[in-house]
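This report refers to the structure that appears directly beneath it.
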Amino acid sequence: IDTWGVDFALLDESGSVVGDAVSYRDERTDGVMEDLLTRIPKEEIFRATGIQFLPFNTIYQLVAAHREDPAKFERTSSFVMMADLFAMHLTGNAAVEFTNATTTQLFDPTRREWAWELIDRLGLPRGIFPRVISTGETIGTTGAQGSEIAGIEARIPVVAVASHDTGSAVAAVPASEPRFAFLSCGTWSLLGTEVGEPVLSEEALRFNFTNEGGVEGTFRLLKNMMGLWIAEQARDKWVEEGTDIPWAELVSMAECSSCTSLIDPDDRRFLFPSDMVKKVLSWCQETDQPLPLNQGDVLRCIFRSLALKTRILMEQLEELAGVELPVLHMVGGGTRNALLCQFTADALERPVIVGPTEATALGNAGVQLISSGAIENIAQFRKIVSRSIDLLEYEPTQENQLSSQLPAFRRFLNSTTTA
C-alpha cells in the first residue's frame with residue numbers, strides 16, 4: 001500500500017481511529033511552524049530530521065492537534081501514517097514504514113529512528129510512536145478482518161513497499177546511470193536525486209531541500225514544489241462556472257497562447273483550495289504583469305512558471321549533490337502534458353526523458369517483486385521498466401527557449417515573498 005505523505009491517524013488500544021484524520025491542506029496549521037521556530041531554532045530541527053520546512057508537515061499537524069485537544073492523545077495508543085493505517089486494518093499490526101516516516105519531520109535520518117529529543121521538546125508522548133519498519137519488510141498477513149475487508153479468503157502477506165507514493169515512483173525511474181535527476185510530476189512536483197546518506201549541510205537548509213527515505217535504504221535529496229495542483233484547481237473553477245473543456249484542448253489553448261506573465265508556484269496563496277484563477281490574476285496584478293485573458297493564458301502562465309522554477313531548483317540540486325545531472329527523468333501523471341515536458345526541457349537546456357506515467361504503481365509492484373525474491377534488487381527492476389515501456393525524449397528547442405528568461409525570473413522571485 002502506498003499513499004501521499006505527511007498525513008496520519010491516531011489509534012486507540014483497540015485499533016480504532018481517535019477522532020478524524022485531517023488533510024494537510026486544512027488551515028489548522030496556520031502559524032504553527034512560525035511559532036515553533038521561535039522556540040526551537042530551524043538549524044536544530046534540520047540537523048535532527050533533514051526535512052524541508054513546509055507548514056503542513058506532520059510535526060506541525062501533531063503540534064496543532066495536541067494544542068487543540070490534549071485529551072485525544074491520552075486516548076491514543078499509536079500514531080500511524082495513512083498507508084500504515086490501511087495495513088493495520090488488514091494485518092492488525094501497527095507500524096510506520098521508513099519512507100513515510102521520514103516525511104513527518106520527526107525522524108532522525110542519521111540514527112534511522114524517531115527523533116526522540118525533538119519529540120520530547122514538543123511535549124508529544126513517546127509511547128504513541130510505533131516501530132519503524134524497513135521498505136520491503138513484511139508487515140504481517142491478512143487476518144480474519146483483513147480478509148473480509150479485502151474480499152479474499154486466503155491469508156496473504158502484506159509487504160511494506162515504499163509507502164510514500166513518491167518513494168514508489170522513484171523506484172520505477174528507468175535510469176541506467178547510478179546518478180540521475182528525477183521529477184515526479186503530478187499534483188506536486190518533486191525534483192531530486194538519490195543519495196546514500198542524508199545531506200544535512202548549511203546549503204541544504206538554506207535551499208530548503210529535504211532528505212526523504214528511499215528504497216534499499218537510500219535517501220531522496222529533493223525539493224517539494226507546487227505542481228499541477230494550481231492548474232487542476234483552475235480547471236475545477238472553470239467547470240464550476242459551466243465551462244468544461246477537456247484537458248487536451250486546454251493544453252492546446254495554452255500552446256497557442258502568447259501570455260508572458262509568470263507566478264511563483266510556491267507562494268503560499270496557491271497551497272489551499274479556492275478560486276485559483278483569481279489567485280493567478282491577483283498575483284499578476286500585484287507584480288505589474290499583463291493579466292491572463294483566457295484559459296489558455298492562465299495555463300501557459302502556470303506551465304512556464306513551473307518549468308522555470310524547476311531550472312532554479314535543478315541548479316541548487318546539482319550544487320548540493322556535488323555532481324552534474326545532464327538528463328532529467330520525468331515520471332507520473334503530469335507527463336501526459338507534452339507542453340509542460342517541452343517547457344521543462346527548454347528551461348533546463350537539457351534532454352528530458354519521460355515515462356512511465358504510472359510510476360508509483362510500478363514502483364510499488366517492484367518492491368513486492370524484490371521482497372518475494374522474484375527479482376534481485378531495484379537496479380534490476382529499473383532495467384525491466386526501461387525495457388517494458390515506450391519512453392519519450394524531449395530536446396530543448398530554440399524557438400521555445402525559456403532559459404533566456406531565467407535571469408529576469410530569478411530577479412522576479414527575489415522581489416516577491418516566496419515559500
Side-chain angles (χ1 to χ4, degrees), residues 4-7 22-40 42 45-46 49 51-65 67-68 103-105 166 184-192 204-210 212 222-237 261-289 291-292 298-299 301-313 316 334 409-419:
W4 65 101
V6 173
D7 285 349
V22 181
S23 167
Y24 66 88
R25 292 193 189 273
D26 186 85
E27 296 183 12
R28 66 176 177 168
T29 56
D30 273 4
V32 175
M33 181 177 76
E34 293 79 4
D35 176 66
L36 181 59
L37 293 179
T38 64
R39 297 186 286 116
I40 305 177
K42 178 180 285 190
I45 296 177
F46 187 74
T49 66
I51 292 297
Q52 177 181 0
F53 287 85
L54 294 168
F56 51 75
N57 285 348
T58 313
I59 181 175
Y60 312 116
Q61 290 199 55
L62 276 172
V63 169
R67 289 177 180 176
E68 184 180 88
T103 72
T104 64
Q105 207 170 19
T166 308
S184 180
C185 182
T187 300
W188 288 91
S189 286
L190 299 103
L191 176 73
L205 172 59
R206 179 163 57 88
F207 292 149
N208 200 22
F209 267 63
T210 199
E212 294 177 351
L222 62 84
K223 185 68 176 283
N224 193 336
M225 63 177 176
M226 208 73 72
L228 289 170
W229 159 261
I230 306 175
E232 292 163 357
Q233 287 287 294
R235 183 176 184 272
D236 286 348
K237 181 61 178 176
S261 297
L262 299 167
I263 61 172
D264 178 7
D266 289 325
D267 186 82
R268 188 161 178 168
R269 77 182 71 190
F270 300 118
L271 173 61
F272 302 109
S274 61
D275 187 343
M276 204 63 74
V277 176
K278 182 179 179 180
K279 291 179 179 180
V280 171
L281 294 176
S282 66
W283 176 280
C284 294
Q285 186 173 31
E286 291 169 16
T287 52
D288 297 322
Q289 298 182 90
L291 294 183
V298 170
L299 291 180
C301 169
I302 295 169
F303 298 158
R304 283 161 46 90
S305 300
L306 288 172
L308 285 168
K309 195 65 181 283
T310 300
R311 167 63 182 267
I312 292 175
L313 298 185
Q316 296 174 349
F409 185 64
R410 205 186 304 274
R411 290 193 298 271
F412 170 66
L413 292 182
N414 290 337
S415 67
T416 59
T417 302
T418 58

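- Between D266 and K223 there is no salt bridge, since no side-chain nitrogen of the basic residue lies less than 4.0 Å from a carboxylate oxygen of the acidic one.
- Contacts of D236 classified as salt bridge (charged side-chain N to carboxylate O under 4.0 Å, His left out), with partners at least two apart in sequence or in another chain: none.
- The side-chain heavy atoms of T210 and N224, taken from C-beta on, include no pair separated by under 4.5 Å.
- Distance CG/L222 to CD/E212: 4.5 Å, rounded to 0.5 Å.
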Residues 56-63 side chain polar contacts: donor-acceptor under 3.5 Å, at least two apart:
unit_1, atom_1, unit_2, atom_2, d
N57, ND2, Q52, O, 2.8
N57, ND2, Q105, OE1, 2.9
T58, OG1, V6, O, 2.6
Y60, OH, Q105, OE1, 3.1
Q61, OE1, R28, NH2, 2.8
Q61, NE2, D7, OD1, 2.9
Q61, NE2, F56, O, 3.1

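- You'll find the side chain of W229 reaches within 4.5 Å of the side chain of P273, heavy atoms only.
- Considering only residues two or more places apart in sequence or on other chains, R410 meets the salt bridge (charged side-chain N to carboxylate O under 4.0 Å, His left out) condition with E315.
- Taking the side chain as every heavy atom from C-beta outward, T187 and W4 never approach each other to under 4.5 Å.
- Not a single side-chain hydrogen bond (donor to acceptor under 3.5 Å, both in side chains) links R206 to another residue, sequence neighbours left out.
- Qualifying side-chain contact (heavy atoms from CB on, under 4.5 Å) partners for R269, counting only residues two or more places apart in sequence or in other chains: D267, K279, S282, W283, E286.
- Nearest heavy-atom pair across A231 and F303 is CB-CE2, 4.2 Å.
- For E68, there are no side-chain hydrogen bond (donor to acceptor under 3.5 Å, both in side chains) partners two or more places apart in sequence or in a different chain.
- Atom CG of L36 sits about 11.5 Å away from atom NZ of K42, to the nearest 0.5 Å.
- Annotation: side chain of P55 is not in contact with side chain of D30 (no heavy-atom distance under 4.5 Å).
- Here the closest non-hydrogen pair linking F409 and L262 is CD1-CD1, 3.5 Å.
- Considering OH of Y24 and OG1 of T103, their distance stands at 11.5 Å, rounded to 0.5 Å.
- Under the rule for a side-chain contact (heavy atoms from CB on, under 4.5 Å), the partners of S189 that lie at least two apart in sequence or sit in another chain are L183, C185, M225.
- With sequence neighbours left out, the salt bridge (charged side-chain N to carboxylate O under 4.0 Å, His left out) criterion links D275 to K237.
- For D26, there are no side-chain hydrogen bond (donor to acceptor under 3.5 Å, both in side chains) partners at least two apart in sequence or on another chain.
- Side-chain contact between T166 and W188 is absent, with no heavy-atom pair separated by less than 4.5 Å.
- Across all their heavy atoms, F272 and M276 have their closest contact at O-CE, 3.9 Å.
- Put simply, the side chain of L37 reaches to within 4.5 Å of the side chain of F53, judged on heavy atoms.
- Contact between C301 and I263 at its shortest, heavy atoms only, is SG-CG2, 3.8 Å.
- Minimum interatomic distance between P292 and V280 (heavy atoms only, all atoms of both residues): CG-CG1, 4.4 Å.
- If you take CG on D264 and CG on L413, they are separated by 5.0 Å, rounding to the nearest 0.5 Å.
- Atom CD in Q285 sits 6.0 Å away from atom CG in L291 (nearest 0.5 Å).
- Looking at L306 and K309, their side chains never come closer than 4.5 Å, going by heavy atoms from C-beta outward.
- Residue pairs satisfying the salt bridge (Lys or Arg N to Asp or Glu O under 4.0 Å) criterion with at least one member in residues 52-63, sequence neighbours excluded, are absent.
- Scanning for side-chain hydrogen bond (donor to acceptor under 3.5 Å, both in side chains) contacts around Q289 gives T287, with sequence neighbours left out.
- F46 approaches A204 most closely through the heavy-atom pair CZ-CB, 3.7 Å.
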